[in-house]
Amino acid sequence: QVHVAESGGGLVQPGGSLKLSCVVSGINFSTYTMAWYRQPPGKLREQVARISSQSVTNYADSVKGRFTISRDNDKKMVFLQMNSLMPEDTGNYSCQVSWPYNYWGQGIQVIVSS
């Protein structure tokens, strides 16, 4: 079976940084597109970053220049480096196995607050 597990969330002050990690098992990881989603309180879930099997990346406009998605195929992991964090970055962040099949991690909280 497929397992997706995030780590690295927590509380950070505005302007700070966090690095989220996601480890995946049960798939041929290197062939899959991976993505990070977030859902702010009371708002819709949005895709913040995506990385293809060939490491082509895409970002939501709101995080361009601040967030970086990367992957380590040997470790079957995907990362989200988040810099210059703002209160509006607060939300539940989920790691997604995106394509060709969808699988989701349980989500972790990121709170940006003074």
Side-chain angles (χ1 to χ4, degrees):
Q1 59 183 317
V2 179
H3 295 275
V4 183
E6 305 98 333
S7 62
L11 175 65
V12 63
Q13 67 185 80
S17 297
L18 281 176
K19 187 175 183 179
L20 306 183
S21 299
C22 174
V23 62
V24 181
S25 63
I27 62 169
N28 188 3
F29 178 83
S30 64
T31 69
Y32 278 75
T33 294
M34 300 291 299
W36 286 96
Y37 285 75
R38 70 183 181 190
Q39 186 167 23
K43 298 182 179 180
L44 297 176
R45 189 191 307 273
E46 64 174 343
Q47 187 181 89
V48 297
R50 182 174 73 248
I51 184 166
S52 76
S53 62
Q54 299 182 8
S55 294
V56 176
T57 59
N58 296 93
Y59 299 93
D61 288 341
S62 59
V63 307
K64 286 180 179 177
R66 300 188 299 118
F67 290 12
T68 302
I69 188 171
S70 61
R71 66 192 297 157
D72 185 329
N73 289 337
D74 290 336
K75 297 180 179 179
K76 295 185 176 181
M77 295 185 71
V78 62
F79 308 95
L80 186 67
Q81 177 67 51
M82 305 184 294
N83 299 325
S84 301
L85 285 163
M86 301 180 291
E88 52 263 47
D89 294 318
T90 294
N92 183 275
Y93 283 70
S94 300
C95 177
Q96 184 206 39
V97 180
S98 181
W99 186 90
Y101 299 102
N102 290 167
Y103 303 97
W104 294 86
Q106 77 282 5
I108 52 173
Q109 292 294 323
V110 171
I111 300 173
V112 184
S113 176
S114 298

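All values reported here derive from a predicted model rather than from experimental measurement.
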Are side-chain heavy atoms of Cys95 and Trp104 found at a separation under 4.5 Å?
no
Identify each donor-acceptor pair in which a side-chain atom of residues 43-56 lies under 3.5 Å from a protein atom, sequence neighbours left out, and give them as a table.
unit_1, atom_1, unit_2, atom_2, d
Glu46, OE2, Arg38, NE, 2.8
Glu46, OE2, Arg38, NH2, 3.3
Gln47, OE1, Arg50, NH1, 2.7
Gln47, NE2, Tyr37, OH, 3.0
Arg50, NH2, Asn58, OD1, 3.0
Ser52, OG, Gln54, N, 3.2
Ser52, OG, Ser55, N, 3.4
Ser52, OG, Val56, N, 3.0

Should Val112 and Val110 count as side-chain neighbours, where that means a heavy-atom distance under 4.5 Å?
yes
By the disulfide bond (SG atoms under 2.5 Å apart) test, which pairs, at least two apart or in different chains, include something from residues 26-92?
none
With sequence neighbours excluded, tell me which residues meet side chain to side chain donor-acceptor pair (under 3.5 Å) with Asp61.
Lys64
To the nearest 0.5 Å, tell me how far Phe67 CZ sits from Gln81 CD.
9.5 Å
With sequence neighbours left out, which residue pairs that include part of residues 65-75 fulfil the salt bridge (Lys or Arg N to Asp or Glu O under 4.0 Å) condition?
Arg66-Asp89
Residue pairs involving residues 52-92 (criterion disulfide bond (SG atoms under 2.5 Å apart); sequence neighbours excluded):
none
What pairs of donor and acceptor atoms, side-chain ones from residues 11-34 against any protein atom, are under 3.5 angstrom apart with sequence neighbours left out?
unit_1, atom_1, unit_2, atom_2, d
Ser17, OG, Asn83, OD1, 2.9
Thr31, OG1, Asn28, O, 2.9

If hydrophobic clusters are built by linking Ile, Leu, Val, Met, Phe, Trp and Tyr wherever their side-chain heavy atoms come under 4.5 Å apart, do Val4 and Phe79 end up in the same one?
no
Do you know which two heavy atoms are closest between Ile69 and Tyr59, and how far apart they sit?
N-OH, 2.9 Å
When you measure from the side chain of Glu6 to the backbone of Gln106, do you find a donor-acceptor pair of N or O atoms at a distance under 3.5 Å?
yes
Check for me, please, whether Tyr103 and Tyr93 land in the same ILVMFWY cluster - side-chain distances under 4.5 Å, paths through other members count.
yes
